[in-house]
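First the structure, in the form of structure tokens, and then the observations on it.
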Amino acid sequence: MRFALRNRRTMAEHHNEQEEQRRNKLAEIRQMGVNPYPATFTKTHDAHQIVTGFSDDTQEQFADVAVAGRVMAVRRMGKASFCHLQDHSGRVQIYFKRDDVGEEAYDVIKKLDLGDIVGVRGHVFKTQTGETSVYAKEFTLLTKSLAMIPIAKEEVNEDGTVTRYDAFADKEQRYRKRYLDLIANPEIKDVFVKRARIITAMRRYFDERGWLEVETPVLQPIYGGATARPFVTHHNALDIELYLRIADELYLKRLIVGGFEGVYEISKNFRNEGMDKTHNPEFTSMEIYVAYKDYLWMMEMTEDLLATITRDVNGSDIITMNGTEISMKPPFRRARMFDLFQEHTGMNLRGLSRDELVAAAQTIGVPVDPSWSAMKVLDEIFGERVEHHLVQPTFVIDYPVEMSPLAKAHRSEPGLVERFELFINGKEVANAFSELNDPIDQRQRLEEQARIRAAGDFEAMVVDEDFLHAIEVGLPPTAGLGIGVDRVVMLLTGNDSIRDVVFFPQMRPERTLSDGHE
RNA sequence: GAUCUCGUAGCUCAGCUGGCUAGAGCAUUUGACUUUUAAUCAAAGGGUCCUGGGUUCGAGUCCCAGCGAGAUCACCA
């Protein structure tokens, strides 16, 4: 009966047996004169502090503690009961004895359900079997839970590991109802704590160097800075179409034009494209622009940044992904794109025409569509033959100009731009260039994009006249970098799905009942 | 968008080539038990078998369509 869970809100009158029982208990508790939803509770300790801090030597400090949390297990034995409370730090066992906690409180304790939130005051002790527990003297119901919660039984093994029986494992329900996932599988909180630490470390790194965190528009009249399809929305008062940003690049460069010499933004971007293990329609990116620097400098900054973050959150330079060790210790390998082609295909693809590239692809057995552009063919060969080799951090540098309409022409290599992409574990993690600041060149590049767009490629860029005007006013030499924050989090937490590093990944809407409940 | 796999109780799952009133463990209810710990013991309740069609004497099971999910591929960060 999946839809019973899914459409609870639309079926307010329809409760199953167990939910009906909980509502009855709620009424009974109210009749006993107990408020099932009081306003506050004063905690003195976290579960973790008690479990790790209590000993024969410290028992004085734990003579009077107050803890609160969600009831995760109850074992009743007539006039005494044990339960496990779970708070943000972990679990602790509570011992309730009717003669100590009082008969009225014990009557409420008898009605406790898994998922209720309670507060307990008492002293800490060790049970006969040696588990550190709180011996309750006072009990307060803090929140009566009315909905069923998929709490599984757990066994703590001798080595301290936990075996969970019949755990809440349905990926769909875990993503849709993340609050249940967090309750039932609390260890996933570590991923999100680490995510927060990564972002904090990144911010600290930039702030320490004097670069300014800024905010630029999410709603943009012209989208740009990347090749992607946008989400479209409508502003009623202005009666115009607006686009959710696909990148913040063009606005951040305007700020460098305006005189800031280092700006960064950590922001959600939105791309109206497919979803899979590494793509969510909204995702977090970090973009930073620093004046008077180039992509060579940016490579050093990037490897130092990522090494610093890795050490901060993982305490080591080594990360392990599906059993593969990846060293985040600088310097990272640097390889020119066409050298990598040479290395992994044995062919020199530099300067080949489209037809020659198609022929080359066929020679090495990469299937290509003859209608594709030269750049598309090159990209395909890279994806098929090169990318998955780039497990250890590798800067791929010096891309063809056609692939990079916002990057500065290479200072010594005609036809290439000063750009790098950083690959780790076979996936792109960062993208950066010496920013194009030649206004004539920039205009030509965007106009070329417009032609590609007119020819039917909706991902090609749109000409942004105001941005071009800003470049004409004068952008100093500038290095820019974008990092896929979700991907960094995936790497540092060992997850291979973006859905496991985002609290609420995008899901198809659930089906509603056909009979008009909605 | 394509292909494959899956959808049975609150949770985790059985249910063979279609055949009695659809099962188990946990969870729930009632009773016993004042240091238990996957507590135990006794009894009980709980199901639109994802949805809609079809085949059949008979469908959880077979067929078709739809919805949702996961995996793989394609596009992208």
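Remember, predicted model here, so these are calculated numbers, not experimental data. Here is the naming used below: chain letters follow the sequence lines, and residue numbers restart at 1 for every chain.
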Any side-chain N or O of A/K153 below 4.0 angstrom from OP1/OP2 of B/A27? yes
Under 3.5 Å donor-acceptor pair, A/N16 side-chain atoms to B/A9 base atoms: no
Within this structure, what is the NZ-to-P distance between A/K110 and B/U34, rounded to whole angstrom? 12 Å
B/U72 pairs with which nucleotide, Watson-Crick or G-U wobble, both distances below 3.5 Å? B/A2
Any chance the rings of A/Y95 and A/Y135 have centres within less than 6.0 Å? yes
Side chain of A/R98 only, please: which of B/U34, B/U28, B/A77 is the nearest? B/U34
Any side-chain N or O of A/K171 less than 4.0 Å from the OP1 or OP2 oxygen of B/C6? no
Salt bridge (Lys or Arg N to Asp or Glu O under 4.0 Å) partners of residues 70-84 of chain A, not counting sequence neighbours, each pair once: none
Sorted by chain and number, sequence neighbours left out, side chain to side chain donor-acceptor pair (under 3.5 Å) with A/K171 holds for A/Y175
Base B/G45 to side chain A/E17, donor-acceptor N/O within 3.5 Å cut-off: yes
Tell me whether the OP1 or OP2 atom of B/A69 has a side-chain N or O from A/R176 closer than 4.0 Å. yes
Within less than 4.0 Å of OP1 or OP2 of B/G68, is there a side-chain N or O belonging to A/R508? yes
Is the A/F231 ring parallel, tilted or perpendicular to the A/F270 ring (thresholds 30°, 60°)? perpendicular
Need the pair for B/C33. Rule: Watson-Crick or G-U wobble, both distances under 3.5 Å, any strand; none if unpaired. none
In this structure, how many angstroms lie between the P atom of B/U28 and the CD1 atom of A/I149, rounded? 12 Å
For A/E387 and B/A77, give me the distance from atom CD to atom P, rounded to whole Å. 10 Å
Between the base of B/U36 and the side chain of A/E131, is one N or O donor paired with an acceptor at under 3.5 angstrom? no
Pairing partner (Watson-Crick or G-U wobble, both distances under 3.5 angstrom) of B/A44: B/U28
Does a nitrogen or oxygen in the side chain of A/R75 sit under 4.0 Å from OP1 or OP2 of B/A39? yes
